[in-house]
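Note sheet for the following structure.
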Amino acid sequence: LTLNQAASGLKVGESFATDIIKPEERVLPPKEKAPFITFVLGGPGSGKGTQCEKIVETFGLQHLSAGDLLRREIAMHTENGAMILNLIKDGKIVPSEVTVKLIQKELESSDNRKFLIDGFPRTEENRVAFERIIRADPDVVLFFDCPEEEMVKRVLNRNQGRIDDNITTMKKRLKIFNALNRPVIDYYKNKGKLYTINAVGTVDDIFQHVLPIFNSFEQLKESSHVNPQSHLGPSLKPRHHQQLKQHRQNEYNNSGFTSLSFTKPSPTPLLIGKQSIHRTQLEALDSVITDLETSAQKGISITEPEIFASLLETCYSLRAIDHGVRVHHLIPPYLLRNNVGISSKLVRLYASCGFAEVAHEVFDRMSKRESSPFAWNSLISGYAELGQYEDAMALYFQMAEDGVKPDRFTFPRVLKACGGIGSVQIGEAIHRDLVKAGFGYDVYVLNALVDMYAKCGDIVKARNVFYMIPNKDYVSWNSMLTGYLHHGLLHEALDIFRLMVQNGIEPDKVAISSVLARVLSFKHGRQLHGWVIRRGMEWELSVANALIVLYSKRGQLDQACFIFDQMLERDTVSWNAIISVHSKDSNGFKYFEQMQRADAKPDGITFVSVLSLCANTGMVEDGERLFSLMSKEYGINPKMEHYACMVNLYGRAGMMEEAYSMIVQEMEFEAGPTVWGALLYACYLHGNTDIGEVAAQRLFELEPDNEHNFELLMRIYSKAKRAEDVERVRQMLVDRGLET
Ligand SMILES: Nc1ncnc2c1ncn2[C@@H]1O[C@H](COP(=O)(O)OP(=O)(O)OP(=O)(O)O)[C@@H](O)[C@H]1O
Ligand SMILES: Nc1ccn([C@@H]2O[C@H](COP(=O)(O)O)[C@@H](O)[C@H]2O)c(=O)n1
């Protein structure tokens with residue numbers, strides 16, 4: 001089944017979308033003003049980029065490669081750089097909002113009105129975000145259709161040092177392409193805009209199939225600076241092609257014609273210098289550091305601050321802490337003490353890799369740390385990420401004492417720490433500070449303020465700040481939504497969700513999965529599911545996990561299993577969800593075994609599910625084996641719930657002695673109501689009055705107000721035909737005021 005089939009098979013109601021996306025919002029600008037847009041699709045390594053270069057030469061379109069734009073963000077260490085790096089490394093799709101904004105910037109800053117947007121849209125979510133933000137539709141969609149083995153071969157031979165050109169990431173990219181890009185291709189096919197090109201053959205042969213497509217558009221022929229009809233006859237060899245390219249470029253440069261802008265293809269930014277062309281960035285980094293170490297051993301001292309600054313920057317972007325430590329050892333101590341730039345970068349590296357203590361040591365040795373808030377911010381952030389909120393707060397207060405002026409990056413970090421501590425009073429003080437410092441209208445800072453107030457339990461203040469934010473971005477909306485959910489205010493959360501969509505803001509996957517997990521009405525849940533499918537977000541890990549729970553809560557096991565089986569990646573939460581769906585049938589075992597084979601790590605919750613399954617299906621020996629496996633193999637110490645499962649397992653099987661001795665001999669802590677309750681229920685099932693009396697006695701002490709325990713004991717006596725005892729327990733109920 002393709003995802004599209006899956007989506008239509010679900011027959012999910014459309015009403016959510018029609019409710020929240022107004023058709024008038026989708027009105028596109030008049031056609032004559034719209035740029036000519038071509039989307040270039042195809043699997044990784046299908047040759048999109050190569051063909052785009054040729055289209056640019058011939059028809060003068062501007063080439064925008066979504067992948068290159070994202071890689072440029074990494075190389076420039078922008079706010080999103082690290083996040084993008086992590087996603088690309090894993091072959092995952094970057095949030096649409098980010099990619100579309102990058103494309104938008106390029107479109108808006110170009111004089112050209114004809115664009116080749118390559119590697120985009122990758123998902124339905126990408127597509128919808130483009131329509132919403134750019135308000136334009138493509139005129140042409142090219143799809144380079146290439147067999148997987150050919151794509152793998154091309155990518156592995158590409159040798160451009162791209163971090164994602166390796167077999168492991170390639171497999172993931174292909175999986176994601178098949179799952180998420182195919183529906184987009186189908187979409188354009190149905191709209192009659194798709195041109196499928198067989199991408200096997202020589203570059204020139206393939207281009208011969210591309211030419212007629214563009215030739216059929218008059219506006220392209222008019223302004224192309226070469227004659228496309230005469231370009232690249234079948235016999236023209238690549239060598240000639242290069243010469244021709246140069247010649248045309250010269251002609252163009254001399255023509256004084258400026259209305260078409262041809263951006264130079266940007267170099268792949270994940271490279272370090274030219275020598276790294278055959279390596280990954282980490283290998284290149286390693287090699288540079290090794291060279292420096294060798295020089296240092298030979299007594300050649302390296303003192304150029306720029307070298308260390310650049311190396312530390314790369315270590316930070318790759319979170320390569322081991323390499324960072326080696327660079328640290330190479331930096332002369334006087335340089336580290338006196339050069340704020342280098343020491344600050346080192347502090348940031350240690351702090352961002354979870355070594356806040358080491359970062360603090362470097363920080364303490366800095367001679368001019370009051371000259372900039374950079375190192376302070378890094379350290380505050382490092383502590384906040386580790387949950388050491390008091391340390392983060394202390395640094396903030398120390399900043400003020402040392403006369404360091406906080407900047408817009410300080411406040412979100414310290415507010416995060418404050419949210420962790422949960423103190424509204426301190427939060428209000430920071431709120432005053434940030435207003436005084438002139439950040440009272442800064443969206444980035446105000447978003448953190450909303451989050452802080454919500455986490456500190458003051459949802460009213462959170463809401464007040466939220467409504468004051470002048471240009472709310474998607475973080476603002478998501479913070480408010482999460483705040484409401486955190487406070488159990490589901491209706492308010494759903495209102496925000498609707499408003500978000502009405503305002504063209506995409507709720508993020510955390511917000512969506514949180515809403516799905518808490519949604520009370522199944523109708524709303526299904527509508528949300530439909531909406532999620534249309535956004536192409538169904539297979540986001542947290543969203544898919546929440547959907548499994550949604551359907552299993554409603555007993556729609558087939559649907560839950562379908563989602564699980566189609567998931568591209570799974571975590572322990574996914575496995576737990578699907579095993580617990582099957583906690584009453586032996587399929588749960590199948591999934592548990594599959595989980596073990598997949599090397600996924602079970603946790604305590606997994607074992608509660610499998611042990612319950614054993615109890616429900618009478619698989620005593622398996623239960624015993626799993627109980628022992630849990631601690632021996634996985635190092636999970638049994639908790640109250642696991643003992644309750646074992647008592648239930650033995651109890652249901654009528655093994656009352658074993659159940660009882662599990663409590664009195666095996667347990668290393670006092671048994672609670674769940675454990676005694678399981679024993680009492682088993683006594684009722686098997687008519688065991690003696691053990692039942694002991695269990696009931698303990699339960700009366702532990703839960704004096706729980707009438708169900710009294711009722712169960714009465715039933716046990718009643719089964720044993722002990723009417724007097726039944727009456728005695730009833731009287732106990734009356735005496736305690738529990739009889740209804
Ligand atoms: N027709 C072809 N035959 C053989 N190799 C090709 C062909 N077209 C491109 N290549 C080579 O295959 C590799 C991948 O091509 P290209 O970078 O154009 O693919 P892409 O679809 O843009 O990839 P990605 O989506 O990963 O960026 C490059 O090394 C390129 O030189
Ligand atoms: N619309 C897009 C395009 C790309 N990405 C990410 O970049 C990686 C590389 O893309 P190429 O087109 O250069 O192969 C890709 O695997 C994605 O991680 C994206 O997220 N969204």
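This structure is a prediction, so every number in the text was calculated from the model and none was measured. Just follow the structure's listing: the first ligand is 1, and inside any ligand the first atom is 1. Just so you know, these numbers use all the heavy atoms, side chains as well, and skip hydrogens, waters and symmetry mates.
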Notebook entry, point to check: Between R154 and E150, is there a salt bridge with N-O shorter than 4.0 Å?
Noted result: yes
Heavy-atom contact under 4.0 Å between M151 and ligand 1? no
Short version for Q51: what comes under 4.0 Å of ligand 1, heavy atoms counted, is neither
| said: With the threshold set at under 4.0 angstrom, would you say G42 reaches ligand 1 through any of its heavy atoms? | reply: no
(message) Using a 6.0 Å distance limit plus a 45 degree cone around the ring axis, check whether R113 lies over the aromatic ring of F36.
(response) no
**Study point:** N/O separation below 3.5 Å, V155 to ligand 1
**Key:** no
Nearest non-hydrogen contact to atom 7 (O) of ligand 2 from the set T123, D68, I88, I74 belongs to I88
_Check this for me: does any side-chain nitrogen of one of E97 and K101 sit under 4.0 Å from a carboxylate oxygen of the other?_
yes
May I ask whether G43 places a heavy atom under 4.0 Å from ligand 1? yes
Numbered in order shown, the ligand 2 atoms found under 4.0 Å of a heavy atom of V94 are 19 (C), 20 (O)
Counting heavy atoms under 4.0 Å, the part of L70 that contacts ligand 2 is side chain
Check whether Y316 forms a cation-pi arrangement with R348 (NZ or CZ under 6.0 Å from the six-membered ring centre, at most 45° off the ring normal). yes
Working for ring-ring contact (aromatic ring centres under 6.0 Å, His included), residues W477 and F497 | CA-CA 8 Å; W477 291 91; F497 194 90; over 10 Å; no
Counting from 1 in the order shown, the ligand 1 atoms closer than 4.0 Å to a non-hydrogen atom of I206 are 1 (N)
Does R158 reach ligand 1 with a nitrogen or oxygen that is under 3.5 Å from one of the ligand's nitrogen or oxygen atoms?
yes
Judged by heavy atoms only, the candidate from L41, T50, V203, D165 nearest atom 9 (C) of ligand 1 is T50
d(S96 OG, I133 CD1) to nearest 0.5 Å is 8.0 Å
Quick note on ligand 1: atoms under 4.0 Å from a heavy atom of R173 include exactly 26 (O)
In this structure, CG of L516 is separated from CD1 of I548 (nearest 0.5 Å) by 11.5 Å
Any heavy atom of D164 under 4.0 Å from ligand 2? The part involved is side chain
Report task. Establish, from distance only, whether the side-chain atoms of E148 and N178 form a donor-acceptor pair under 3.5 Å. Result -> yes
Quiz item: Taking both backbone and side-chain atoms of E150, is any N or O found less than 3.5 Å from an N or O belonging to ligand 1?
Solution: no
### Query
For T202 and ligand 1, does the shortest N/O to N/O distance drop below 3.5 Å?
no
Looking only at distances, can you tell me whether any N or O atom of R122, backbone or side chain, sits closer than 3.5 Å to an N or O atom of ligand 1?
no
If we number the atoms of ligand 2 from 1 as shown, the ones under 4.0 Å from a heavy atom of G67 are 10 (O), 13 (O)
Exercise. For R162 and ligand 1, does the shortest N/O to N/O distance drop below 3.5 Å?
Worked result: yes
In ligand 2, the atoms that come under 4.0 Å of a heavy atom of R71 are 9 (C), 13 (O)
Going by an N to O cut-off under 4.0 Å, is there a salt bridge joining E569 and K172? no
A student checking ligand 2 against F120 at a 4.0 Å heavy-atom cut-off should list atoms 1 (N)
Atoms of ligand 2 under 4.0 Å from any heavy atom of N126, numbered from 1 in the order shown, are 1 (N)
Going by an N to O cut-off under 4.0 Å, is there a salt bridge joining E125 and K509? no
Give yes if a backbone or side-chain nitrogen or oxygen of G45 is under 3.5 Å from a nitrogen or oxygen of ligand 1, and no if not. yes
Does any N or O of ligand 2 fall below 3.5 Å from an N or O anywhere on R162, backbone included?
yes
* To do: Using a strict 4.0 Å threshold on nitrogen-to-oxygen distance, state whether K189 and D186 make a salt bridge.
  => no
So the atoms of ligand 2 within less than 4.0 Å of a heavy atom of G119 turn out to be 1 (N), 2 (C), 3 (C)
Next on the checklist: Does the structure place the NZ or CZ of K193 under 6.0 Å from the centre of the six-membered ring of Y188, at an angle of no more than 45° from the ring's axis?
Outcome noted: no
shortest atom 10 (N) of ligand 1-to-protein heavy-atom contact is with R154 CD, 3.9 Å
Tell me whether S46 reaches ligand 1 (any heavy atom closer than 4.0 angstrom to a ligand atom). yes
Judging by distance only, is a nitrogen or oxygen of P44 under 3.5 angstrom from one on ligand 1? no
Among non-hydrogen protein atoms, atom 25 (O) of ligand 1 lies closest to K48 NZ, 2.6 Å
Between D164 and K89, is there a side-chain N and carboxylate O pair less than 4.0 Å apart?
-> no
Is K48 in contact with ligand 2, taking contact as a heavy-atom separation below 4.0 Å?
no
Requested in this report: Report, as yes or no, whether the 6.0 Å neighbourhood of atom OH on Y474 holds more than 12 heavy atoms from other residues, nucleotides or ligands.
Outcome: no
The residue among F144, F143, F120 that forms ring pair (Phe, Tyr, Trp, His ring centres under 6.0 Å) with F39 is F120
| request: Tell me yes or no: between the side chains of H323 and D286, is some donor less than 3.5 Å from an acceptor? | output: yes
### Query
If you measure every N/O of G49 against every N/O of ligand 1, is any gap under 3.5 Å?
yes
Checking heavy-atom distances from atom 2 (C) of ligand 2 to each of K92, R127, R173, R122, the winner is R122
* **R127 NZ/CZ over Y187 ring centroid, <6.0 Å and within 45° of normal** => yes
If you scan protein heavy atoms around atom 1 (N) of ligand 1, the nearest is G201 O, 2.8 Å
Between I55 and the options T38, I213, L211, L142, the side chain to side chain contact (heavy atoms under 4.5 Å, CB included) test singles out L142
for atom 19 (O) of ligand 1, nearest protein heavy atom and its distance come out as G47 N, 3.2 Å
Worksheet item: Do NZ/NE/NH1/NH2 and the carboxylate oxygens of R534 and E124 come within less than 4.0 Å?
Response: no
Quick look: K89 vs ligand 2, heavy-atom contacts under 4.0 Å, and the answer is neither
